[in-house]
Amino acid sequence: MRYSQGYGSMGGGMRGSSLLDEFKNAFNRPDNGLIQIILINVVFFVVIRLLHLFTTGNRDVFYLITSYIYLPASINEALTRPWTIFTYFFAHFGVLHILFNMLFLFWFGKIIKEFLGGGKVISLYVLGGLAGGLLFLLIYNLVPYFSDRLDHPMLGASAGVFAVVVGAATFMPNYTIFLLFLGPVRIKYIALFYVFLSVVQSTGPNAGGNIAHLGGAILGFVFIKQLQHGKDWGKGIHWLLSFFKSFFRSQPKVKVSYRKESKKKTTSRTSTGTTKKETASQEEIDAILDKISHSGYESLTKDEKQKLFNASKR
């Protein structure tokens with residue numbers, strides 16, 4: 001059986017101890033969505049590889065079990081396993097497949113996290129994965145050219161990764177990174193190159209993977225454009241995650257004070273806090289985002305950085 005999958009090609013480094021600490025405390029640290037996504041992908045990868053090892057003598061068992069993880073190309077099959085529209089973008093089989101995807105996600109995800117917060121990384125990744133999976137299903141079931149490929153299920157994080165890559169390039173097109181052998185390159189050109197590559201390869205042997213890339217890329221572009229106009233498409237994702245996390249988080253006991261002077265103090269603090277922590281209007285946020293696009297993050301004043309940070313937490 002053949003699988004549709006996607007690849008990226010960027011790397012970087014962190015100190016081993018620092019990286020280990022990040023993973024050890026992945027689900028305890030606030031605003032750590034990027035590392036959490038990478039960790040979930042690694043866990044899925046290890047489980048799939050172990051499953052493959054233990055079913056060496058009976059590949060039918062392996063294909064049967066993974067059919068409940070990978071996204072089927074046939075829409076009729078997908079409707080019987082609707083959860084695969086989520087599980088497929090955490091599943092990898094090849095070592096290079098997951099390595100390139102996670103490195104690509106790490107570098108571009110850090111840009112999104114730095115300027116918009118870890119929550120936006122999660123939103124882009126999940127919504128990009130969903131968009132890529134849906135486009136894959138639509139193309140494979142509506143375009144006659146792909147009708148003989150319905151036995152090729154989809155797996156891999158590429159659609160979600162492309163959403164993060166294009167999202168970062170849309171938000172900060174002139175952000176420059178250093179590439180081996182090429183030197184400094186603006187990320188808008190990196191994103192355009194990989195989108196172009198996916199377009200020209202969309203009828204090749206890995207057509208499904210490249211179609212999913214395009215779905216993720218479109219989502220990443222539209223997501224950031226909508227965010228710049230004050231519409232956060234990731235609110236539903238955040239609400240759902242908060243809902244599930246609430247089951248695993250102990251609620252602190254509320255202490256009630258009946259002292260009369262506490263009311264005065266509270267009122268005083270509230271009025272002072274409101275003055276100090278003014279909520280930026282959407283016009284101000286748009287102006288700040290435009291300033292970042294033209295002059296870079298470092299051109300912002302301390303007050304502008306604080307307003308952007310507060311807006312990313314809404």
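Positions are given from 1, in the same order as the sequence printed here. Just so we're clear, the structure is a prediction, and the values are computed from it rather than from any experiment.
Under a 3.5 Å cut-off, the side chain of Arg186 and the backbone N or O of Pro173 do not form any donor-acceptor pair. Between the side chain of Trp107 and the backbone N or O of Ile177, no donor-acceptor pair lies under 3.5 Å. The closest donor-acceptor contact from the side chain of Tyr125 to the backbone of Ala163 lies at 3.5 Å or more, if one exists at all. Put simply, the side chain of Ser123 gets close to the backbone of Gly119: a donor and an acceptor are under 3.5 Å apart. For Thr176 (side chain) and Asn174 (main-chain N/O), a donor-acceptor pair under 3.5 Å exists by modelled atom type.
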Inset, instruction - List the steps, then state whether ring-ring contact (aromatic ring centres under 6.0 Å, His included) holds for Phe100 with Phe104. - result: CA-CA 6 Å; Phe100 288 140; Phe104 218 62; 9.3 Å; no

Legend entry - Full working for side-chain contact (heavy atoms from CB on, under 4.5 Å) between Lys110 and Leu34: CA-CA 7 Å; Lys110 286 199 76 171; Leu34 175 59; 3.7 Å; yes

Legend entry - Pair Ile190-Phe108, side-chain contact (heavy atoms from CB on, under 4.5 Å): steps then yes or no: CA-CA 11 Å; Ile190 298 173; Phe108 283 88; 3.9 Å; yes

Inset, instruction - List the steps and the verdict of side-chain contact (heavy atoms from CB on, under 4.5 Å) for Ile37 and Val121. - result: CA-CA 9 Å; Ile37 292 171; Val121 179; 4.2 Å; yes

Legend entry - Stepwise side-chain contact (heavy atoms from CB on, under 4.5 Å) test for Asn41 and His92: CA-CA 8 Å; Asn41 273 278; His92 299 81; 3.0 Å; yes

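Cluster membership for Phe86 and Ile38, using ILVMFWY side-chain heavy atoms within less than 4.5 angstrom, is shared. In terms of hydrophobic clustering, with Ile, Leu, Val, Met, Phe, Trp and Tyr side chains grouped at heavy-atom distances under 4.5 Å, Leu179 and Met102 are assigned to a common cluster. When the side chains of ILVMFWY residues are joined at heavy-atom separations under 4.5 Å, either directly or via intervening members, Leu142 and Leu214 end up in two distinct hydrophobic clusters. The same ILVMFWY cluster, assembled from side-chain heavy atoms under 4.5 Å apart, contains both Ile69 and Val95. Cluster membership for Val43 and Leu99, using ILVMFWY side-chain heavy atoms within less than 4.5 angstrom, is not shared.
Centroid-to-centroid, the aromatic rings of Tyr189 and Phe193 stay 6.0 Å apart or farther.
Considering only heavy atoms from C-beta on, Lys120 stays 4.5 Å or farther from Phe115 through its side chain. Put simply, the side chain of Pro72 reaches to within 4.5 Å of the side chain of Thr84, judged on heavy atoms. The closest side-chain heavy-atom distance from Tyr63 to Tyr70 is not below 4.5 Å. The shortest distance between side-chain heavy atoms of Trp233 and Leu219 falls below 4.5 Å. Between Phe171 and Leu116, the closest side-chain pair of non-hydrogen atoms falls below 4.5 Å. Side-chain contact between Phe136 and His152 is absent, with no heavy-atom pair separated by less than 4.5 Å. Residues His213 and Val195 fail the side-chain proximity criterion, which asks for heavy atoms closer than 4.5 Å. Lys235 has its side chain within reach of Asp232: a pair of non-hydrogen atoms, C-beta onward, lies under 4.5 Å apart.
The salt bridge (charged side-chain N to carboxylate O under 4.0 Å, His left out) search around Arg81 returns Glu77, not counting sequence neighbours.
Across all their heavy atoms, Ala159 and Gly128 have their closest contact at CB-O, 3.5 Å. Contact between Pro82 and Ile85 at its shortest, heavy atoms only, is O-CG2, 3.1 Å. The two atoms that bring Phe45 and Gly94 nearest to each other are CE1-O, 3.8 Å, heavy atoms only. When all heavy atoms are compared, the tightest approach of Val166 to Phe221 is CG1-N, 3.7 Å. Residue Val165 comes nearest to Ala191 through the heavy atom pair CG1-CB, 4.0 Å, listed as atom of the first residue, atom of the second, then distance.
To the nearest 0.5 angstrom, Ile139 atom CD1 is 12.5 Å from Arg149 atom CZ. To the nearest 0.5 Å, atom CD1 of residue Ile35 and atom CD1 of residue Ile40 are 11.5 Å apart. Leu150 CG to Asn141 CG: the interatomic distance, rounded to the nearest 0.5 Å, is 5.5 Å. Expressed to the nearest 0.5 Å, how far CD1 of Ile112 lies from CZ of Phe223 amounts to 8.5 Å. Note that CG of Leu155 is 5.5 Å distant from NE2 of His97, once rounded to the nearest 0.5 Å. For the atom pair CG (Leu130) and CG (Leu135), the distance works out to 12.5 Å, reported to the nearest 0.5 Å.
Taking the six-membered ring where tryptophan is involved, the planes of Tyr140 and Phe146 are essentially parallel, since the angle between them stays under 30° and well short of 60°. The aromatic rings of Phe62 and His52 lie perpendicular to each other, with more than 60° between the two planes, well past the 30° mark.
Defined by atom type and a distance below 3.5 Å, a donor-acceptor pair is present between the side-chain atoms of Asn101 and Ser158.
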